[in-house]
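Order of listing sets the numbers, starting from 1, for every ligand and every atom in it. All values reported here derive from a predicted model rather than from experimental measurement. Hydrogens, waters and symmetry mates play no part in the numbers below; they use all other heavy atoms, side chains included.
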Amino acid sequence: MGKETCGNVVLIGFMGSGKSSMGIRLSYRMRYVLEDTDKLIEARAGKTISEIFAQEGEETFRAMETALLEKLVEKKGQRVYSVGGGTPVRAVNRPLLKKLGTVVYLRTRPETIYERLREDTTRPLLQGENPLGKIRRLMAERESAYMETADIVLDVDEMTADQVADAIMSLVGRTRYTGQR
Ligand code: S3P
């Protein structure tokens with residue numbers, strides 16, 4: 001089944017860009033099943049993401065992400081996928097994400113992420129000194145991977161959640177419609 005006919009929505013973007021909360025909102029509004037890959041990995045491993053990073057290392061986590069995507073592309077049905085901020089960075093994951101559905105990149109400025117995640121302790125990659133510097137560097141490194149994977153790019157800093165959801169629903173519908181003709 002091609003992506004034009006399956007109609008899944010895949011949300012990508014930096015940590016704190018709103019993928020998980022937008023996934024919940026979209027799944028409710030579109031009546032689609034929600035799949036959050038970080039949560040699926042945590043459930044399968046029986047550990048939090050922080051524990052996986054600390055005990056098994058980032059590479060093991062990345063391998064878990066790829067193995068999960070390989071399983072998810074086999075699933076049928078109308079779904080909204082919210083994936084980890086680093087998922088598009090591994091080259092092997094990019095075609096899998098595209099196969100999964102219409103990929104929407106929730107793009108943000110580093111300062112927005114910094115403000116949102118100031119108190120957050122659940123993202124191992126942003127702990128320690130100079131979190132804003134880390135956000136800037138990682139975001140710059142990842143931008144080309146996000147852009148390569150995305151079918152749709154939304155600059156969400158100044159948008160309300162409802163505006164983002166409306167935009168996605170209208171753009172994804174149009175993408176799908178065009179694809180079927
Ligand atoms: C990561 C993002 C996290 C999680 C892990 C690594 C990243 O997901 O997968 O901490 O490399 O950007 P969120 O984007 O949902 O925070």
Side-chain angles (χ1 to χ4, degrees), residues 8-27 33-73 79-94 96-97 100-101 103-150 152-157 159 161 164-165 168:
N8 293 332
V9 180
V10 184
L11 301 175
I12 65 166
F14 204 78
M15 292 168 259
S17 58
K19 303 178 298 287
S20 300
S21 58
M22 190 49 56
I24 293 168
R25 187 173 293 259
L26 278 178
S27 80
V33 174
L34 174 64
E35 306 270 18
D36 183 317
T37 57
D38 281 345
K39 293 212 172 74
L40 291 173
I41 288 171
E42 286 183 331
R44 277 173 195 213
K47 295 176 184 178
T48 64
I49 304 280
S50 298
E51 287 167 344
I52 298 170
F53 268 68
Q55 295 167 15
E56 303 176 46
E58 181 172 352
E59 268 316 296
T60 301
F61 173 72
R62 298 299 172 199
M64 289 174 174
E65 279 186 309
T66 301
L68 178 61
L69 287 180
E70 281 165 349
K71 282 209 159 79
L72 293 178
V73 292
R79 289 167 198 272
V80 177
Y81 292 93
S82 162
V83 304
T87 310
V89 177
R90 257 197 170 194
V92 68
N93 293 346
R94 296 200 280 270
L96 289 169
L97 289 166
L100 208 49
V103 181
V104 182
Y105 171 21
L106 304 181
R107 189 162 61 178
T108 46
R109 287 191 292 268
E111 294 74 16
T112 305
I113 301 299
Y114 176 67
E115 286 305 322
R116 286 186 190 165
L117 298 185
R118 286 176 88 115
E119 310 291 328
D120 180 85
T121 56
T122 65
R123 269 80 168 195
L125 295 176
L126 301 182
Q127 303 310 302
E129 294 290 295
N130 192 10
L132 179 58
K134 286 182 182 154
I135 293 167
R136 287 205 173 109
R137 183 177 47 76
L138 262 184
M139 208 181 258
E141 279 171 19
R142 291 175 170 186
E143 176 66 7
S144 63
Y146 291 144
M147 291 302 283
E148 185 187 318
T149 316
I152 294 165
V153 181
L154 289 177
D155 287 305
V156 298
D157 298 280
M159 294 172 80
V164 176
I168 293 173

Any protein N/O atoms within less than 3.5 Å of an N/O atom in ligand 1? List the atom names and distances, or say none.
residue: ligand 1; atom: 8 (O); partner: Asp38; partner atom: OD2; Å: 2.7
residue: ligand 1; atom: 9 (O); partner: Asp38; partner atom: OD1; Å: 2.8
residue: ligand 1; atom: 9 (O); partner: Asp38; partner atom: OD2; Å: 3.3
residue: ligand 1; atom: 11 (O); partner: Arg62; partner atom: NH2; Å: 2.6
residue: ligand 1; atom: 11 (O); partner: Gly86; partner atom: N; Å: 3.4
residue: ligand 1; atom: 11 (O); partner: Arg142; partner atom: NH2; Å: 2.7
residue: ligand 1; atom: 12 (O); partner: Gly86; partner atom: N; Å: 3.1
residue: ligand 1; atom: 12 (O); partner: Arg142; partner atom: NH1; Å: 2.6
residue: ligand 1; atom: 12 (O); partner: Arg142; partner atom: NH2; Å: 3.4
residue: ligand 1; atom: 14 (O); partner: Lys19; partner atom: NZ; Å: 2.7
residue: ligand 1; atom: 14 (O); partner: Gly85; partner atom: N; Å: 2.8
residue: ligand 1; atom: 15 (O); partner: Asp38; partner atom: OD2; Å: 3.0
residue: ligand 1; atom: 16 (O); partner: Arg123; partner atom: NE; Å: 2.7
residue: ligand 1; atom: 16 (O); partner: Arg123; partner atom: NH2; Å: 3.2

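- For residues 123-133, the set of pairs meeting the side-chain hydrogen bond (donor to acceptor under 3.5 Å, both in side chains) definition, not counting sequence neighbours, comprises Asp120-Arg123.
- Salt bridge absent: Glu148 and Arg142 never bring a charged side-chain N and a carboxylate O closer than 4.0 Å.
- Salt bridge Arg90/Glu65: absent, no basic N to carboxylate O contact under 4.0 Å.
- Arg25 pairs by the salt bridge (charged side-chain N to carboxylate O under 4.0 Å, His left out) definition with Asp162, not counting sequence neighbours.
- For the 3.5 Å distance criterion, the side chains of Asp36 and Ser20 qualify, holding a donor opposite an acceptor.
- With sequence neighbours left out, the salt bridge (charged side-chain N to carboxylate O under 4.0 Å, His left out) criterion links Glu70 to no other residue.
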